[in-house]
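Here's the structure, in structure tokens; my notes come after.
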Amino acid sequence: MRRQESWDVVIIGSGMAGLSTAIWARRLGLSTLVLEREMQAGGQLTAIRGRIVDYPGLDLPEGAALTERMLRQARQAGAELRLDWHANGIDGATLTCQTSRGPVTGNSLVIATGLTARRLAIPGEEELYQRRLIRRPSHDLPWFKGRRVAVIGGGDRAVENALMLANTAAEVVLLNRSDRLRARQTLSEPLLAHPCIAVRFNTQPTRFSADGDAVTIAAQSAGVLVSLAVDAVCVYIGNRPNSGLVQDQVELDADGYIVTDRQGRTTHGGIYAVGDVCTPPAFQSLATAAGQAMVAAKQIALDTRP
Ligand code: NDP
């Protein structure tokens, strides 16, 4: 059993928000530990395979390049990062984080656990995930070669992945539940103009069924029940916050996001939250997460210094 450790700041999550907080906390002279449950850092950044466009002054080819820069900067600043450390619970009274490798205590805890992809919750979906017929091109692009693919959703992520698939898959059809795409114009315009991508508006899947490697999607399309035959499905319908770790300690909003004040303080003293796990601002972006991190780190320094 490890000896209990104590840090000025313990950050849970190493995505954009967590690493930004670590860089700022070190700049302010606070000893800083970042815990990441995965084997690699970066959180949602690892899934961005297109250009990073929502951070002024930065023009990088994909999320991995940004993660690499952030990691280098955090380590040079003196932050410690531990991969494959699962945070299992938090004792708010002692600001102790129980982890898969023993307890870690901070003068402040920062929740930067981000989001998890939302599911459609329709019959057949779970089976498709288990059989790996719902997949992510960003993780597995060569597998899609020559296959017919349905992409569900109309946000940036759905459109970015549909565009990525268009050069590899045999056919791409994007199913959007409303009559307009949510994705930014710089993505939606190329999608709508692309000769190899069909877009079906007002179309909502209601059931998946698989027969061998063939997938049938039953969907409501403008009030009519339709059926589509594909080889694979990609679901990009947004995310839900990973706030379960502190659900009994801090206030959450109706959608499960952590409620914070403008300085990143939760309703529990000493526990802060940054990034996508917090009640979302009007528009979420990498730049917003970095800004939240800076504000929270400065507030932590003010709150904890004598
Ligand atoms: P979004 O929340 O932006 O979009 C979700 C999409 O899924 C919408 O089209 C929504 O439709 C649809 N949807 C939601 N629920 C359902 C449902 N039950 N059935 C069918 N469709 C549904 O999520 P994204 O993952 O696309 O993006 C998340 C964030 O990440 C955004 O802020 C985005 O800008 C950012 N991002 C940035 C990138 C970059 O900088 N390169 C790349 C990818 C993402 P409706 O519009 O009708 O609600």
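Being a predicted model, the structure only gives us computed values, none of them experimental. In listed order, ligands and their atoms are each counted from 1.
- When each atom of ligand 1 is checked for a heavy atom of R118 under 4.0 Å away, the hits are 14 (C), 15 (N).
- Atom CD1 of I111 sits about 11.0 Å away from atom NE2 of H268, to the nearest 0.5 Å.
- The option with the heavy atom closest to atom 22 (C) of ligand 1, from among V235, V159, L286, I237, is I237.
- Counting only distance, with no hydrogens or angles, the side chain of R101 and the backbone of D84 share a donor-acceptor pair below 3.5 Å.
- A salt bridge is absent between R147 and D213: the closest approach of a Lys/Arg side-chain nitrogen to an acidic carboxylate oxygen does not fall below 4.0 angstrom.
- Among the atoms of G154, some N or O lies under 3.5 angstrom from an N or O of ligand 1.
- Scanning the protein heavy atoms around atom 2 (O) of ligand 1, the nearest turns out to be G238 CA, 3.9 Å.
- Side-chain contact check for T267 and E251: no donor-acceptor pair (N or O, by modelled atom type) lies under 3.5 Å.
- Without hydrogens or angle criteria, N202 side chain to D179 main chain gives a donor-acceptor distance under 3.5 Å.
- Distance screen at 4.0 Å: atom 33 (C) of ligand 1 has a protein heavy-atom neighbour inside the cut-off.
- For R184, the heavy-atom gap to ligand 1 drops under 4.0 angstrom.
- Taking all heavy atoms of R180, Q44, R182, R157 into account, the minimum distance to atom 26 (O) of ligand 1 is reached by R157.
- From F144, atom CZ reaches atom CG of N167 across 14.0 Å, with rounding to the nearest 0.5 Å.
- The atoms of ligand 1 that sit less than 4.0 Å from any heavy atom of Q204 are 17 (C), 19 (N), 20 (C).
- Residue-to-ligand polar distances keep I152 apart from ligand 1: every N/O pair is separated by 3.5 Å or more.
- Scanning all protein heavy atoms for the shortest distance to atom 6 (C) of ligand 1 gives G155 N, 3.7 Å.
- Taking hydrophobic clusters as Ile, Leu, Val, Met, Phe, Trp and Tyr residues chained together by side-chain heavy-atom distances below 4.5 Å, I237 does not share a cluster with L115.
- The protein non-hydrogen atom at the shortest distance from atom 31 (C) of ligand 1 is D156 OD2, 4.6 Å.
- If you check which protein heavy atom lies closest to atom 41 (N) of ligand 1, you get E160 OE2, 3.1 Å.
- Under the 4.0 angstrom criterion for non-hydrogen atoms, I52 is not in contact with ligand 1.
- With a heavy-atom cut-off of 4.0 Å, L181 does not touch ligand 1 at all.
- Close approach of ligand 1 to N239 is summarised as follows: ligand atoms under 4.0 Å from at least one heavy atom of the residue are 25 (O), 28 (C).
- Which parts of ligand 1 touch D54 is read off a 4.0 Å heavy-atom cut-off, strictly below it: atoms 40 (O).
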